[in-house]
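Inspection log for the structure reproduced underneath, given as structure tokens.
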Amino acid sequence: MPKIVVILLASLGTFIVLVSLSALVSRIFVARAIKRLIRSVGKEPLPHFSEELVAPLPVAVQRYLRYALTMGQPNIRYAVLQQSARFRHRPGSPWFTVEATEVISGMEPGFVWDAKLRHNAAWWRTAKLSYMHGRGHGHLKLYGALTLQEYEGPETDTSMLFRFLSELVWLPTGLLPTKTLRWEHVDDTTARAIITDGDTQVQATFHVNDAGQIDRIITGDKYRDHKSGFEQATFSMICRNYREIEGVNIPTEVDFVWNLESGDFEYGQFLITDVAYHYE
């Protein structure tokens, strides 16, 4: 075998080993982040869902919580969600598939989203988004090993805190008022949620339909990633196909939409394939 071929094969083998080791280390760090999140979830006793808890809230929130929960529902400490999704980068660009696991707290703000983004059989990436202890973080890695992008800073903190707030529709006891979350009445079908965690505050408008379902969540407190940097833009999460899981009614499909001056751009479609609630 020619010497140059041996050198190339040896270099390729070394590269594959290094990529595999880097991917393994990355998986270990993600697993540790999930464990830290679960350990951080509050253990204090909380009252079960009742009329006394819901009565002071805005009319729209009352109607939603009575639809989503049954009286006596215990507080969900955290949930583990399995998600199937597809995303695209810009209007007209091809969709790529995503399979993800998300662990989200029903207590203080916190989540870890662990995903594989597959474009085709030869090209895939992993992504991790998280919010813990007042800080948002994200990374995107080619083949789970080679860092392509990393996100942190005030814009990431804000965007990830909003993501936590909006995704509480998957564990609705988390939408009861807490030391970080409060509600304001807008009208009989709309309420404003304000969540404050440290130096970061996010507001979002929740729209509740006649059935008592949250069908839209809209915020201006989310940042869109551009090549030139972060750009603040109006964002909507559309919720549909509610189903009862463990006695809790949640939307099993959501769409992510940027409401831009040039028009609405739908860039993400989520399907919840499995939910496990943890109460202790």
Side-chain angles (χ1 to χ4, degrees), residues 41-42 45-83 85 102-111 113 161-195 202-219 235-256 269-280:
V41 174
L46 295 172
H48 291 190
F49 181 64
S50 66
E51 281 292 343
E52 288 74 19
L53 289 177
V54 78
L57 299 177
V59 172
V61 181
Q62 290 186 36
R63 196 166 69 257
Y64 161 68
L65 289 172
R66 290 191 181 105
Y67 166 81
L69 302 169
T70 56
M71 294 301 161
Q73 165 73 35
N75 188 273
I76 301 167
R77 301 286 173 170
Y78 69 94
V80 181
L81 310 169
Q82 302 299 325
Q83 305 167 340
E102 181 170 15
V103 181
I104 180 169
S105 171
M107 309 285 286
E108 52 283 302
F111 74 89
W113 187 72
L161 183 57
F162 166 75
R163 179 161 183 160
F164 166 77
L165 171 63
S166 64
E167 295 184 0
L168 288 175
V169 294
W170 291 323
L171 50 167
T173 56
L175 287 171
L176 288 163
T178 64
K179 60 186 178 182
T180 59
L181 175 63
R182 62 185 176 89
W183 289 96
E184 292 181 350
H185 174 82
V186 177
D187 57 41
D188 287 352
T189 63
T190 313
R192 182 179 300 107
I194 302 170
I195 187 167
V202 166
Q203 298 187 25
T205 304
F206 285 64
H207 296 262
V208 180
N209 62 25
D210 292 340
Q213 302 165 341
I214 291 172
D215 58 16
R216 283 177 298 142
I217 304 170
I218 302 174
T219 188
F235 170 89
S236 296
M237 187 169 97
I238 311 301
C239 305
R240 62 177 187 274
N241 196 15
Y242 275 73
R243 295 182 181 175
E244 183 180 317
I245 298 177
E246 296 186 26
V248 180
N249 286 305
I250 64 169
T252 58
E253 297 180 36
V254 301
D255 298 332
F256 288 176
Q269 299 173 342
F270 270 81
L271 172 66
I272 301 298
T273 58
D274 189 50
V275 180
Y277 291 130
H278 296 262
Y279 297 94
E280 298 298 336

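Everything numeric in this text was worked out from a predicted model, so none of it was measured.
Of the possible polar contacts, one joining the T273 side chain to the Q82 backbone as a donor-acceptor pair under 3.5 Å is found. No donor-acceptor distance shorter than 3.5 angstrom exists from the side chain of T189 to the backbone of H207, with no hydrogens or angles considered. Formation of a donor-acceptor pair under 3.5 Å by the T219 side chain with backbone atoms of Q203 is found in this model. Under a 3.5 Å cut-off, the side chain of R63 and the backbone N or O of P58 do not form any donor-acceptor pair. Side-chain N or O atoms of Q83 include none that pairs as donor or acceptor with a backbone N or O of I272 at under 3.5 Å. Under a 3.5 Å cut-off, the side chain of T190 and the backbone N or O of D187 do not form any donor-acceptor pair. W183 contributes a side-chain N or O that, together with a main-chain N or O of L175, makes up a donor-acceptor pair within less than 3.5 Å.
Aromatic pair F256/F235: centroids less than 6.0 angstrom apart. Ring to ring, Y78 and Y277 are not that close: their centroids are 6.0 angstrom or more apart.
By the 4.5 Å heavy-atom criterion applied to side chains, L165 and F206 are counted as neighbours. Between L161 and P109 the shortest side-chain heavy-atom distance falls below 4.5 Å. Contact of the W170 side chain with the V248 side chain is not registered, since no non-hydrogen atoms from C-beta on lie closer than 4.5 Å. S166 is listed as a side-chain neighbour of M237, based on a closest heavy-atom distance under 4.5 Å. In this structure, the side chains of S236 and R216 stay at 4.5 Å or more apart for every pair of heavy atoms. For the pair Y279/I76, a side-chain contact is recorded, criterion being any heavy-atom separation below 4.5 Å from C-beta on. You'll find the side chain of I214 stays beyond 4.5 Å of the side chain of P251, heavy atoms only. Counting heavy atoms from C-beta outward, L176 and L57 have side chains that approach closer than 4.5 Å.
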Item to check | Steps toward side-chain contact (heavy atoms from CB on, under 4.5 Å) verdict (I217, T205) | outcome: CA-CA 6 Å; I217 304 170; T205 304; over 6 Å; no
Next on the checklist: Applying side-chain contact (heavy atoms from CB on, under 4.5 Å) to E108 and V41, what does each step give before you reach the verdict?
Outcome noted: CA-CA 7 Å; E108 52 283 302; V41 174; 4.1 Å; yes
Checklist entry - Does the pair L81 and D274 meet the rule for a side-chain contact (heavy atoms from CB on, under 4.5 Å), with working shown? => result CA-CA 6 Å; L81 310 169; D274 189 50; over 6 Å; no
Item to check | Verdict with supporting geometry, Q73 and T173, side-chain contact (heavy atoms from CB on, under 4.5 Å) | outcome: CA-CA 8 Å; Q73 165 73 35; T173 56; 3.9 Å; yes
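Under the salt bridge (charged side-chain N to carboxylate O under 4.0 Å, His left out) criterion, D255 pairs with R240, sequence neighbours left out. Shown here are the salt bridge (charged side-chain N to carboxylate O under 4.0 Å, His left out) partners of R192, two or more places apart in sequence or in another chain: E184. In this structure Y242 satisfies the ring pair (Phe, Tyr, Trp, His ring centres under 6.0 Å) test together with Y67, sequence neighbours excluded.
In this structure, D210 places its CG atom where only 12 or fewer heavy-atom neighbours from other residues, nucleotides or ligands lie under 6.0 Å away.
The shortest non-hydrogen separation linking N75 to M107 is OD1-SD, 3.2 Å. Annotation for L181 and A193: closest pair CD1-CB, 4.0 Å, computed over non-hydrogen atoms.
Residue M71 holds its CE atom at 9.0 Å from CG of L65, rounded to the nearest 0.5 Å. Taking CD of Q213 as the reference point, atom CG of N241 lies at 9.5 Å (rounded to 0.5 Å).
For the residue pair Q269 and E253, no side-chain donor N or O sits within less than 3.5 Å of a side-chain acceptor on the partner.
With salt bridges taken as basic N to acidic carboxylate O contacts below 4.0 Å, one links E51 and R66.
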